Amino acid sequence: MLTFLALTSVALLGIVPEQSQAIVIYTGWERHALVGSDIRLSCSFFSWRWTSEDVTFSWTYRPDGSRDAISIFHYTGGAAYLDNKGPFRDRLEFVGNPGRRDGSILLKNLELSDNGTFTCDAKNPPDIVGRPSSVRLLVFEKVPIQAGVITGAIIGVVLGLLLLIVVIYYLMRFLVARRVFSLSVSKHGKKKKEGSQQRQIKV
């Protein structure tokens with residue numbers, strides 16, 4: 001009887017529990033950085049609902065060669081909880097904006113031992129069902145040869161295009177000046193010829 005009354009009340013008042021929908025979480029695929037530098041690891045999500053006041057973000061870290069992941073960051077209830085004992089003690093900063101569905105973190109003063117996989121999970125109640133997204137971090141002592149070659153190629157192409165633009169610009173100026181000079185000489189010669197013919201007529 002009580003169950004029937006409760007269901008009837010819910011139906012009459014229009015109080016229907018919100019159904020949870022899937023949430024999609026996004027991070028990068030792979031990030032490269034140098035020893036001693038800082039890097040931002042981005043995390044955002046898509047949800048059909050407005051951003052909840054109870055939105056949460058969690059980051060875990062699994063070092064290369066390890067099967068176990070450790071929690072390094074958690075955001076909930078409007079407060080950020082940083083890793084104070086783990087490998088990123090005093091080197092992790094929350095730089096996201098939960099109101100804009102941004103749960104990004106900043107890793108400072110990177111070390112070679114920081115290589116590993118970082119996984120972000122987000123919840124936007126009642127949307128709490130979603131697959132966490134992972135990004136792999138590779139830290140190098142110096143720019144990798146492949147990256148250096150690609151960077152050099154890009155710089156070479158840009159410089160080549162700039163040089164080509166300069167050459168075309170001066171070539172166009174030369175052709176225009178030559179054309180103007182030719183027209184000027186032709187016009188001057190025509191006037192001189194007409195003057196000579198007029199003098200011959202008078203004679």
Side-chain angles (χ1 to χ4, degrees), residues 3 6-7 9-144 147:
T3 302
L7 292 175
S9 300
V10 168
L12 292 175
L13 295 176
I15 303 175
V16 179
E18 293 186 275
Q19 294 182 351
S20 174
Q21 297 184 9
I23 182 173
V24 183
I25 305 166
Y26 304 96
T27 62
W29 290 96
E30 187 173 276
R31 298 299 308 275
H32 296 172
L34 296 177
V35 171
S37 65
D38 302 343
I39 193 167
R40 178 189 178 111
L41 299 182
S42 300
C43 177
S44 59
F45 68 85
F46 171 80
S47 172
W48 288 104
R49 303 181 188 279
W50 293 102
T51 305
S52 169
E53 295 182 355
D54 299 322
V55 63
T56 66
F57 288 96
S58 298
W59 280 92
T60 59
Y61 164 65
R62 181 173 59 81
D64 281 351
S66 174
R67 294 184 178 181
D68 299 324
I70 59 175
S71 176
I72 60 173
F73 173 80
H74 187 67
Y75 176 92
T76 185
Y81 299 90
L82 307 177
D83 174 28
N84 294 322
K85 297 181 179 180
F88 299 100
R89 181 178 62 256
D90 301 326
R91 295 194 297 129
L92 190 152
E93 179 182 350
F94 180 55
V95 292
N97 185 340
R100 295 186 176 182
R101 306 185 175 190
D102 181 5
S104 303
I105 58 175
L106 181 71
L107 302 181
K108 303 177 181 179
N109 192 22
L110 292 175
E111 304 171 356
L112 287 176
S113 58
D114 295 336
N115 284 317
T117 301
F118 294 79
T119 301
C120 177
D121 192 14
K123 307 293 182 187
N124 186 40
D127 294 348
I128 58 174
V129 179
R131 183 177 181 179
S133 182
S134 298
V135 54
R136 187 160 183 242
L137 175 63
L138 298 176
V139 182
F140 301 94
E141 288 185 337
K142 58 183 180 180
V143 179

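Keep in mind that this is a model prediction, so the values were computed, not measured.
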Presence of salt bridge, Arg136 and Asp64, under 4.0 angstrom: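 So Asp64 pairs with Arg136 through a salt bridge.
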
Ion pair check, Arg31 and Asp114, cut-off under 4.0 Å: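 So Arg31 does not pair with Asp114 through a salt bridge.
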
Heavy-atom side-chain proximity of Leu110 to Leu34 below 4.5 angstrom: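 No, every pair of side-chain atoms sits at 4.5 Å or beyond.
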
From Phe88 atom CZ to Glu93 atom CD, the distance as rounded to the nearest 0.5 Å: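 Between atom CZ of Phe88 and atom CD of Glu93 there are 14.5 Å.
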
Pairwise distance CZ(Arg101) to CD1(Ile25) - rounded to 0.5 angstrom: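 Here the interatomic distance stands at 12.0 Å.
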
If every non-hydrogen atom of [X] is compared with every non-hydrogen atom of [Y], which pair is closest and at what distance?
X: Ala33; Y: Ile39; result: CB-CD1, 3.9 Å
X: Ser52; Y: Pro125; result: CB-O, 3.3 Å
X: Asn115; Y: Leu137; result: OD1-O, 3.3 Å
X: Ser42; Y: Trp59; result: O-CH2, 3.9 Å

CA sep, side-chain torsions, deciding dist, call: Asp68, Ser66, side chain to side chain donor-acceptor pair (under 3.5 Å): CA-CA 6 Å; Asp68 299 324; Ser66 174; 4.9 Å; no

Donor-acceptor contact present, side-chain Asn124 to main-chain Trp50, <3.5 Å: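 Indeed, once roles are kept as given, a pair shorter than 3.5 Å links the two residues.
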
Candidate pair Leu41 and Tyr61, rule side-chain contact (heavy atoms from CB on, under 4.5 Å), full reasoning: CA-CA 12 Å; Leu41 299 182; Tyr61 164 65; over 6 Å; no

Test applied, side-chain hydrogen bond (donor to acceptor under 3.5 Å, both in side chains); reference residue, Ser134; option that passes from Thr60, Thr119, Thr27, Asp121: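 When Thr60, Thr119, Thr27, Asp121 are each tested with Ser134, the side-chain hydrogen bond (donor to acceptor under 3.5 Å, both in side chains) holds only for Thr119.
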
Worked verdict on Tyr26 versus Ser133 for side-chain contact (heavy atoms from CB on, under 4.5 Å): CA-CA 6 Å; Tyr26 304 96; Ser133 182; 5.6 Å; no

Steps toward side-chain contact (heavy atoms from CB on, under 4.5 Å) verdict (Val139, Glu111): CA-CA 7 Å; Val139 182; Glu111 304 171 356; over 6 Å; no

Among Tyr81, Tyr75, Phe57, the one residue meeting ring-ring contact (aromatic ring centres under 6.0 Å, His included) with Phe94: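 Exactly one candidate clears the test, Tyr75.
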
Within 6.0 Å of CD in Glu30, more than 12 heavy atoms from elsewhere: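 Yes, because the 6.0 Å sphere around CD of Glu30 holds more than 12 heavy atoms from other groups.
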
